[in-house]
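The structure appears right after this line, and notes come after that.
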Amino acid sequence: MAPSSRPPSPPSLLAVLFFLSSTALLCESRLSLDYYSKTCPSFNKILQETITNKQITNPTTAAGTLRLLFHDCLPNGCDGSILISSTAFNKAERDADINLSLPGDPFDLIIRAKTALEFSCPNTVSCADILAVATRDLVTMLGGPYYNVYLGRKDSRFSQASSLEGKLPKPNMDMSQIISLFAASGFNVQEMVALSGAHTVGFSHCKEFSSNIGNDTHYNPRFAQALKQACSDYPKNPTLSVFNDIMTPNKFDNLYFQNLPKGLGLLQSDHGLYNDPRTKPFVELYAKDQNKFFQDFARAMQKLSRTNSVYMHTFLMLELFPIQALDKFYFSPANEVDSKCVRHFSSLLRETLLRFL
């Protein structure tokens, strides 16, 4: 019998994507603690001065910056894409409905820090790195844990509001939806609960929880009545808000978890953490042991801030542009990104996917 003339079948797309993801992780491994030690020796000093001045002037900056980092990193990786402005031809992430309530102070902080660093180290420090370090330093200033921040992220030039769909938790989501959302980004249930402890600082707008006050029996009755009064005019004044942790709103501690069993949670998701059997044990653990909460929060934040973005945005670009457009995006002078690493990865992606298209 004559041998078949059919060409050998290509490897499965799943196997290819696994291989390419592994290649992309090599790009992520280039992050280091001393990334700017030679190219921008004054990085830490300039950033610390800018952060301290901003926080003293506007004490809500810390909580807002923590939230900004979360909204940048969780959906598509820590690449500063949340900072990009929309144009007449593109609605950017910062203008997505879920991001419209992000406060202005964190954006102002990044602009101030970037401007100061440009005078000392032009075209060197990424906004994504500034956001990551600023978040860590501000959490520490509020009494929270210190953790190492690895540096070397590259700023994205791609930002599209539609890329966030289903990738950020909403106040009215049930716990199964939230657990699934975090799992899709590589976080287990305990890490999700630890990260939720960020609600120990900051505030939420009345529109995010007012409709639940009369329907959710998990609210402490006196707390529910106080919330109704505080938010009574929110239809006329949508800026009305309430602190997430009414006990110590400007201190990073574990009182957020202590509040939940007492019915003092603000959002539906807060109540869900305590009432769902999958998350309740971790709420109780962190309520009793602040050191354990700090340890797990620091570890989860370090993991979140190292979320890779290079290959994620490659796949996003493939959804919007033909395969031939990759060169124009990744290799243009205006988007210099760890050229050898990304060039190799993008070349592999292009050559391999052409076999499937």
Could [X] and [Y] be called an ion pair, given the rule that one side-chain N must be under 4.0 Å from one carboxylate O?
X: K288; Y: E284; answer: no
X: D296; Y: R299; answer: yes
X: D108; Y: K54; answer: yes

Okay, side chain of [X], backbone of [Y]: is any donor-acceptor separation there less than 3.5 Å?
X: N259; Y: L255; result: yes
X: K228; Y: A224; result: no
X: S185; Y: F182; result: no
X: Q177; Y: D174; result: yes
X: N237; Y: D233; result: no
X: E118; Y: P122; result: no
X: T52; Y: E49; result: no
X: D79; Y: D155; result: no
X: Q302; Y: N148; result: yes
X: Q160; Y: A92; result: no

Looking only at side-chain N and O atoms, does [Y] offer a donor or acceptor that is under 3.5 Å from a partner on [X]?
X: N58; Y: T60; value: no
X: R67; Y: S101; value: yes
X: N275; Y: K280; value: no
X: D129; Y: Y36; value: yes
X: S42; Y: S120; value: yes
X: Y286; Y: Q190; value: yes

Q: Decide side-chain contact (heavy atoms from CB on, under 4.5 Å) for I51 and L47; before the verdict, give the C-alpha distance in whole Å, the side-chain angles of both, and the deciding distance to 0.1 Å.
A: CA-CA 6 Å; I51 292 168; L47 204 51; 3.8 Å; yes
Any side-chain heavy atom of [X] within less than 4.5 Å of one from [Y]?
X: S269; Y: P171; result: no
X: R94; Y: L102; result: no
X: L151; Y: L33; result: no
X: P145; Y: T140; result: no
X: V125; Y: T39; result: no
X: S159; Y: I82; result: no
X: L304; Y: F187; result: yes
X: D245; Y: H199; result: no

Verify the cluster assignment for [X] and [Y]: are they in a single hydrophobic cluster under the rule of side-chain heavy atoms below 4.5 Å apart?
X: F257; Y: L266; result: no
X: L66; Y: L267; result: no
X: L142; Y: L131; result: yes
X: V201; Y: M247; result: no
X: Y256; Y: F209; result: no

Can you tell me how far apart [atom1] ([X]) and [atom2] ([Y]) are? Round to the nearest 0.5 Å.
X: T248; Y: Q258; atom1: OG1; atom2: CD; value: 8.5 Å
X: K91; Y: S85; atom1: NZ; atom2: OG; value: 14.0 Å
X: C127; Y: I111; atom1: SG; atom2: CD1; value: 8.5 Å
X: I110; Y: T65; atom1: CD1; atom2: OG1; value: 6.0 Å
X: F70; Y: T135; atom1: CZ; atom2: OG1; value: 12.0 Å
X: L138; Y: L109; atom1: CG; atom2: CG; value: 6.5 Å

Specify the closest pair of heavy atoms between [X] and [Y], including all atoms of both residues, with the distance to one decimal.
X: M301; Y: L69; answer: CE-CD2, 3.5 Å
X: Y147; Y: A298; answer: CB-CB, 3.9 Å
X: C231; Y: P235; answer: O-CD, 4.4 Å
X: D72; Y: G80; answer: OD2-N, 3.0 Å
X: G166; Y: L181; answer: O-CD1, 3.5 Å
X: S156; Y: S81; answer: CB-CB, 4.2 Å

Q: Please step through side-chain contact (heavy atoms from CB on, under 4.5 Å) for the pair L285 and K292, ending with a clear verdict.
A: CA-CA 8 Å; L285 172 63; K292 177 61 175 172; 3.9 Å; yes
Q: Just do the side-chain hydrogen bond (donor to acceptor under 3.5 Å, both in side chains) check on S305 and R136 with the steps written out, would you?
A: CA-CA 10 Å; S305 66; R136 189 272 313 278; over 6 Å; no
Q | Whether H205 and F203 hold their rings parallel, tilted or perpendicular, with breakpoints at 30° and 60° | A | perpendicular
**Q.** K251 atom NZ, over 12 foreign heavy atoms within 6.0 Å
**A.** no
(Q) Y219 vs H271, test: side-chain contact (heavy atoms from CB on, under 4.5 Å). Steps then yes/no. (A) CA-CA 8 Å; Y219 281 101; H271 295 295; 3.3 Å; yes
(Q) The test is side-chain contact (heavy atoms from CB on, under 4.5 Å); show your working for I84 and E93 and say whether it passes. (A) CA-CA 7 Å; I84 297 176; E93 292 176 24; over 6 Å; no
(Q) Under 6.0 Å between ring centres: does that hold for H218 and Y274? (A) no
Q: Verify whether the ring centers belonging to F293 and F252 lie closer than 6.0 Å.
A: yes
